[in-house]
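Below, chains carry the letters A, B, ... as their sequence lines are ordered, and counting in each starts from 1. Because only heavy atoms are used, hydrogens play no part in the values below, and waters and symmetry mates are left out as well, while side chains stay in.
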Protein chains: 2
Amino acid sequence: MLSKKTKYAFHALTYLAENQEKGAVLIQEIASSKNISHKFLENILLELKKAGILGSKKGKGGGYYLIKKPEEITLAKIIRLLNGPIAWLPCVSLNYYEKCADCVDEATCNMHLIMCQVRDQTLAVVENKTLSDLISKTTDKQYLKY
Amino acid sequence: MLSKKTKYAFHALTYLAENQEKGAVLIQEIASSKNISHKFLENILLELKKAGILGSKKGKGGGYYLIKKPEEITLAKIIRLLNGPIAWLPCVSLNYYEKCADCVDEATCNMHLIMCQVRDQTLAVVENKTLSDLISKTTDKQYLKY
DNA sequence: CATAAAACCTACAAACTAAGTAGGGTATGC
DNA sequence: GCATACCCTACTTAGTTTGTAGGTTTTATG
């Protein structure tokens, strides 16, 4: 299951994507809008910044903002960053590979093969879905254009 | 990631499947063969028994044995039993459904839809793979038939 | 029937991870 | 130069996973 941290990250990113015209947005604004603890969200946004997904501005009028287009931010990237490996076993993880303690030979391990399939099927979805797929298409703002 | 409990369960089931001709097998035999703590494995086998996958015999000459054909035991069943939900969110779980705390409307939630896809892709693998796919096809025993 | 073997069951302990909190440091705008 | 708001480190709390302890019940066998 996805951790709260991961879910909070998606909520925050969605908020930022839907409010890009505002420029820098306060942590507090996101936190109260999405019902997330201010300090906990602070840590999450910092991680997203260090990963090159968000930019920030300090001092009065500061806040966080997207530095990539929503369609360039894959769900896989966010999940890996905040939730950890997508694979079910360390020995089939593309980004967090580790040799299995008990497994003698990966090449002949039947489990290994199947877990690769699971990983690839999952990636087929989350590598091809982006933040833009999470944005609600019918916000008030969009209607105002007409 | 799969828990140790889940991995141990697969190891134990594989052992039992590869040694069906032995009849009842001692916990201790499986534990030492697969390097699992006896008492921990005891709990796992008990769960598998309660789920109707294993049978047991008490007393001298007792032990555990499969009561289903390996090809009838899907990986999904084992994973759900010992690892919990396969889905990434409670609101898309088929066997452990729970309403999302924060989600207002599942029908219009974009996350919901994507997570359903992830779940279905995963299930496409693990509902169609069974214990028989984990059994090594080249054991000594098999060669002895010729 | 006595004994030993082996599963059954409940409860607990230790280790690890996730979630959240505290408090001060640093850059920025006015 | 002061208020603002992000930055950073460390800590606490809560929950889960992993493993252990110790006794109970059932069964084969001499």
Quiz item: What heavy-atom pair brings B/A17 and B/I135 nearest, and what distance separates the two atoms?
Solution: CB-CD1, 3.6 Å
Exercise. Determine yes or no for a side-chain-to-main-chain donor-acceptor pair under 3.5 angstrom, with B/Y96 supplying the side chain and B/A87 the backbone.
Key: no
Self-check item: Length of the line joining A/H11:NE2 and C/dA19:C1', which is rounded to integer Å
Solution: 17 Å
Practice problem: To the nearest 0.5 angstrom, please state how far the CG atom of A/L81 sits from the CG atom of A/N95. | Solution: 10.5 Å
Give me, pair by pair, the N or O atoms of the protein and of nucleotides 12-18 of chain D that are less than 3.5 Å apart, along with how far apart they are.
| from | atom 1 | to | atom 2 | distance (Å) |
| --- | --- | --- | --- | --- |
| D/dT18 | OP1 | B/K4 | N | 3.0 |

Practice problem: Please report, rounded to the nearest Å, how far the P atom of C/dG20 is from the CD1 atom of A/I36. | Solution: 10 Å
Quiz item: Whole Å only: how far is the CD1 atom of B/I44 from the P atom of C/dC9?
Solution: 16 Å
Exercise. Without swapping roles, check the side chain of A/D133 against the backbone of A/T130 for a donor-acceptor pair under 3.5 Å.
Key: yes
Quiz prompt | Counterpart residues, ring-ring contact (aromatic ring centres under 6.0 Å, His included), relative to B/Y64 (two or more places apart) | solution = none
Practice problem: Using atom CG of A/L81 as one end and atom P of C/dA18 as the other, report the distance to the nearest whole Å. | Solution: 14 Å
Quiz item: If you measure from NZ on B/K5 to CZ on B/F10, what distance do you get to the nearest 0.5 Å?
Solution: 14.0 Å
Practice problem: Taking only Lys NZ, Arg NE, NH1 and NH2, and the carboxylate oxygens of Asp or Glu, determine whether A/E42 and A/K39 approach each other closer than 4.0 Å. | Solution: yes
Can you give me the N/O atom pairs linking the protein to nucleotides 4-9 of chain D at distances under 3.5 Å, or say none if there are none?
| from | atom 1 | to | atom 2 | distance (Å) |
| --- | --- | --- | --- | --- |
| D/dA5 | O4' | A/G59 | O | 3.4 |
| D/dC6 | OP1 | A/I27 | N | 3.1 |
| D/dC6 | O3' | A/S56 | OG | 3.4 |
| D/dC7 | OP1 | A/K49 | NZ | 2.5 |
| D/dC7 | OP1 | A/S56 | OG | 2.4 |
| D/dC7 | OP2 | A/Y64 | OH | 2.0 |
| D/dC7 | N4 | A/E42 | OE2 | 2.6 |
| D/dC8 | N4 | A/E42 | OE2 | 3.0 |

Quiz item: Just how far, in rounded Å, is C1' of C/dA7 from CD1 of B/I30?
Solution: 12 Å
Quiz item: About how many Å separate CG of A/N19 and CD of A/E21, when rounded to the nearest 0.5 Å?
Solution: 5.5 Å
